[in-house]
Number of protein chains: 2
Amino acid sequence: MNNKTQLLAAEMDKEEQLPDDCMKNLSVDNLIYAMDQGKLKVLLAKYKHGIAANKWGLIGHWVKLDENLETAAYRVVTQATGVTNFHLDQLATFGKVNRYPLRRIITVVYYSLVRLEETNIIHGENTHEVAWFDVKALPELIFDHDEIVQASLEHLKYKVRHEPIGFSLLPEKFTLLQLQEIYEAILDIKLDKPNFRRKIQKMNLLINCKEKQKDVAHRAATLYRFDINVYEKLKDFGFNFEY
Amino acid sequence: MNNKTQLLAAEMDKEEQLPDDCMKNLSVDNLIYAMDQGKLKVLLAKYKHGIAANKWGLIGHWVKLDENLETAAYRVVTQATGVTNFHLDQLATFGKVNRYPLRRIITVVYYSLVRLEETNIIHGENTHEVAWFDVKALPELIFDHDEIVQASLEHLKYKVRHEPIGFSLLPEKFTLLQLQEIYEAILDIKLDKPNFRRKIQKMNLLINCKEKQKDVAHRAATLYRFDINVYEKLKDFGFNFEY
DNA sequence: ACAAAAGTGTTCTCAATACACCCATGG
DNA sequence: CCATGGGTGTATTGAGAACACTTTTGT
């Protein structure tokens with residue numbers, strides 16, 4: 001064993017804390033999104049150990065031997081955010097030979113949409129810090145995580161136009177402007193307010209709560225909630241939100 | 001070692017022929033699609049060994065230690081079809097704990113679109129037979145492959161409406177009816193011919209070859225080819241093919 | 001002549017767009 | 001009274017759907 005190999009082995013020890021009950025070459029990584037005052041944010045962690053030390057990266061973990069991929073992703077999101085009920089979908093799998101410098105790791109990437117007010121961020125023992133970042137102002141990321149984030153943002157654009165996923169980012173009762181801001185943040189465009197309202201209302205996805213906002217420095221907006229039944233019907237028929 | 005374990009071990013020997021230079025818990029599977037006389041077909045293999053013996057399944061293989069996932073998928077498709085230039089995209093990754101009965105295997109699934117007339121089907125040493133199947137009349141499939149096929153057909157519907165992938169299934173010069181048949185086969189609907197023509201022509205994706213079909217028992221149709229330059233522009237602007 | 005597919009024309013409806021305008025509330 | 005966002009009205013444009021119709025070619 002030469003010096004370089006020893007160094008690598010030392011790094012790997014520090015890095016991994018890879019438990020025995022996990023698969024050796026497989027991880028899940030999560031893109032956890034939330035809306036915060038009209039901005040789309042993603043949750044990142046600053047790691048303690050190994051080659052990723054003191055750098056920001058996605059929130060991920062190993063997959064247990066007897067654990068489904070989606071279960072692993074769910075576990076990681078819940079552990080980091082405290083949220084138990086959220087939208088979770090597979091994005092894609094990244095497996096370039098050298099994406100992780102020390103050995104071959106394939107990562108299955110999931111993305112989730114959470115409601116900011118339901119979160120209670122906990123940083124695990126492997127991380128110094130866990131924080132929300134505006135997707136338009138991301139720090140430098142470890143490994144291929146920047147590529148992954150960009151791919152997921154593209155995918156979100158695609159998705160938001162064909163499924164009403166926006167509702168997964170809002171509290172139960174929300175205003176039309178809040179909903180509009182989601183589309184604007186994800187698609188990175190400005191929308192016409194009157195047209196947006198009419199369009200979204202015509203879809204019959206919204207139920208008027210017959211309540212108004214409180215304590216706002218302008219005319220109080222009507223609160224709406226999402227009609228899950230109509231959504232289920234729409235899924236079969238197709239849904240479209242092109243601009 | 002008890003009897004059952006011995007049996008399993010014997011099965012595994014027969015099953016695998018897992019080479020030393022491959023990852024142990026990872027495979028790629030491929031959905032290879034082509035159009036044949038207005039029908040959408042998918043390529044399947046009938047395996048020789050192990051628990052999949054004499055059953056139909058997707059065309060897959062192990063991923064080499066020093067091979068990217070996409071490279072592995074490309075290799076498998078080329079090996080089975082002889083085609084070297086085709087549309088290849090990742091679909092998703094399937095990794096339920098018991099999807100493969102003998103041990104944990106995660107499979108990264110790709111789909112490819114090939115031109116039937118460019119194919120020269122070769123069946124490898126692990127398969128008795130490789131054949132095209134109409135997606136509307138599939139045989140029983142091994143493991144979770146039916147779930148995978150259904151997911152990919154859903155994804156194709158989604159995809160064909162937002163990217164002009166149809167062209168990847170056609171010869172260089174094709175008629176408008178051939179193109180229409182692709183949309184009809186993938187979306188599983190009937191389209192109005194006059195409206196289809198106008199719509200597709202307005203997109204400026206087609207170049208008139210100023211040639212006609214030969215030897216057809218009806219009025220010869222104009223041949224068109226695909227304008228790749230316009231497509232590249234459209235990708236940025238967005239593309240839509242809703243019906 | 002007939003089958004089969006190519007290809008054109010026309011009408012109707014409705015969604016998308018642009019933008020002017022009024023309303024309610026707190027500071 | 002003004003800033004801020006809520007909310008309505010309306011005219012124009014163009015795409016999509018339905019369908020009647022003519023053209024070309026081989027058998």
Side-chain angles (χ1 to χ4, degrees), chain A residues 35-39 160-162 164 170-171 173-185 187 189-225 234 237-243, chain B residues 35 37-39 160-162 164 170-171 173-185 187-225 234 237-243:
Chain A
M35 284 298 291
D36 185 10
Q37 300 176 109
K39 307 265 190 202
V160 81
R161 281 185 276 166
H162 301 97
L170 290 174
K173 297 173 182 183
F174 52 84
T175 69
L176 294 180
L177 184 62
Q178 282 178 294
L179 187 56
Q180 182 175 343
E181 284 170 343
I182 290 177
Y183 283 88
E184 293 183 334
L187 297 173
I189 51 173
K190 193 88 195 93
L191 298 174
D192 181 83
K193 186 174 47 159
N195 293 338
F196 178 85
R197 311 177 113 260
R198 266 188 293 265
K199 178 158 186 163
I200 205 81
Q201 303 228 48
K202 228 180 330 195
M203 289 180 183
N204 285 316
L205 282 165
L206 297 185
I207 297 172
N208 188 326
C209 296
K210 318 224 164 171
E211 277 180 70
K212 298 274 176 186
Q213 274 180 313
K214 298 241 158 72
D215 306 316
V216 286
H218 52 75
R219 174 172 173 181
T222 304
L223 293 173
Y224 291 87
R225 58 193 175 81
L234 270 185
F237 266 91
F239 174 91
N240 212 293
F241 208 99
E242 296 294 340
Y243 277 99
Chain B
M35 284 297 293
Q37 300 175 110
K39 307 264 190 200
V160 81
R161 281 184 277 167
H162 301 96
L170 291 174
K173 297 174 182 180
F174 52 84
T175 69
L176 293 180
L177 184 62
Q178 282 179 294
L179 186 57
Q180 181 176 343
E181 283 170 343
I182 289 176
Y183 283 88
E184 293 184 333
L187 298 172
D188 198 19
I189 50 173
K190 193 87 194 94
L191 299 174
D192 180 84
K193 185 172 51 157
N195 293 337
F196 178 85
R197 312 177 111 259
R198 266 188 294 264
K199 178 157 186 166
I200 206 82
Q201 303 228 49
K202 229 182 325 198
M203 290 180 181
N204 284 318
L205 282 166
L206 298 184
I207 298 172
N208 187 326
C209 294
K210 318 228 162 167
E211 278 180 69
K212 297 276 177 184
Q213 275 181 311
K214 297 244 159 71
D215 304 316
V216 285
H218 53 76
R219 176 172 174 182
T222 304
L223 294 172
Y224 290 87
R225 59 197 175 78
L234 270 184
F237 265 91
F239 175 90
N240 211 292
F241 207 99
E242 296 294 339
Y243 277 100

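Every chain is numbered from 1 and lettered A, B, ... according to where its sequence line falls, protein lines coming before strand lines. Predicted model, so just to flag it, every value in this text is computed and none were measured.
- Computed from coordinates, the B/R161 CZ to D/dG16 P distance equals 14 Å when rounded to whole Å.
- As rounded to whole Å, 13 Å separates atom C1' of D/dA17 from atom CD1 of B/I189.
- Within the nucleic acid shown, A/K214 has no heavy atom closer than 4.0 Å to any nucleic acid atom.
- Remark: P of C/dA5 and CZ of B/R197 are 14 Å apart, rounded to the nearest angstrom.
- For A/K193 against D/dG6, a side-chain-to-base donor-acceptor contact under 3.5 Å is present.
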Between the protein and nucleotides 11-15 of chain C, are there any N/O to N/O pairs under 3.5 Å, and if so, what are the atom names and distances?
none

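- Rounding to the nearest 0.5 angstrom, the gap separating the CD1 atom in A/I182 from the CG atom in A/L187 is 11.0 Å.
- For B/R198, the side-chain contact (heavy atoms from CB on, under 4.5 Å) test picks out B/P194, B/N195, with sequence neighbours left out.
- Atom-to-atom distance recorded for B/Y183:OH and B/I200:CD1 is 4.5 Å, nearest 0.5 angstrom.
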Walk me through it: do B/Q213 and B/Q178 pass the test side-chain contact (heavy atoms from CB on, under 4.5 Å)?
CA-CA 12 Å; B/Q213 275 181 311; B/Q178 282 179 294; 5.7 Å; no
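- With rounding to the nearest 0.5 angstrom, the CG atom of A/D36 is 10.5 Å from the CD atom of A/E181.
- Not one side-chain nitrogen or oxygen of B/K190 sits closer than 4.0 Å to the OP1 or OP2 atom of D/dA17.
- The residue B/L177 sits close only to the backbone: its heavy atoms come under 4.0 Å of sugar-phosphate atoms, none of a base.
- Nucleotide C/dG7 holds its C1' atom 10 Å from the CD atom of B/Q201, rounded to whole Å.
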The test is side-chain contact (heavy atoms from CB on, under 4.5 Å); show your working for A/Y224 and A/T175 and say whether it passes.
CA-CA 6 Å; A/Y224 291 87; A/T175 69; over 6 Å; no
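- Checking the phosphate oxygens (OP1, OP2) of C/dA5, no side-chain nitrogen or oxygen of B/T175 falls inside 4.0 Å.
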Write down the protein N/O and nucleotide N/O pairs, taken from nucleotides 20-24 of chain D, whose separation is under 3.5 Å; answer none if there are no such pairs.
from   : atom 1 : to     : atom 2 : distance (Å)
D/dT23 : O2     : B/R219 : NH1    : 2.7
D/dT24 : O4'    : B/R219 : NE     : 3.4
D/dT24 : O2     : B/R219 : N      : 3.2

Check nucleotides 10-13 of chain D for protein N or O atoms closer than 3.5 Å to its own N or O atoms and list the pairs.
from   : atom 1 : to     : atom 2 : distance (Å)
D/dT10 : O4     : A/R198 : NH2    : 3.1

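- Looking at heavy atoms from C-beta onward, B/H162 lies in side-chain contact with A/H162 at the 4.5 angstrom threshold.
- Between the NZ atom of A/K193 and the CG atom of A/L177 there is a distance of 7.5 Å, given to the nearest 0.5 Å.
- With values rounded to the nearest 0.5 angstrom, A/L179 atom CG is found 11.0 Å from A/R197 atom CZ.
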Could you pull out all donor-acceptor pairs under 3.5 Å where a side-chain atom in residues 201-212 of chain A meets a protein atom, sequence neighbours excluded?
from   : atom 1 : to     : atom 2 : distance (Å)
A/N208 : OD1    : A/K210 : N      : 2.6
A/E211 : OE2    : A/K173 : NZ     : 2.5
A/K212 : NZ     : A/T222 : OG1    : 3.2

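- Remark: side-chain polar atoms of A/E184 are paired, donor with acceptor, to backbone N or O of A/L191 under 3.5 angstrom.
- One can place CG of A/D192 at 15 Å from P of C/dC21, the figure rounded to the nearest angstrom.
- Listed by chain and number, the residues in a ring pair (Phe, Tyr, Trp, His ring centres under 6.0 Å) with B/F174 are B/F167 (sequence neighbours excluded).
- Rounded to whole Å, the distance from CZ on B/F196 to P on C/dG9 is 19 Å.
- Taking atom CD of A/Q180 as the reference point, atom P of D/dG7 lies 12 Å away to the nearest angstrom.
- In this structure, B/F174 atom CZ and C/dA5 atom P are separated by 19 Å, rounded to whole Å.
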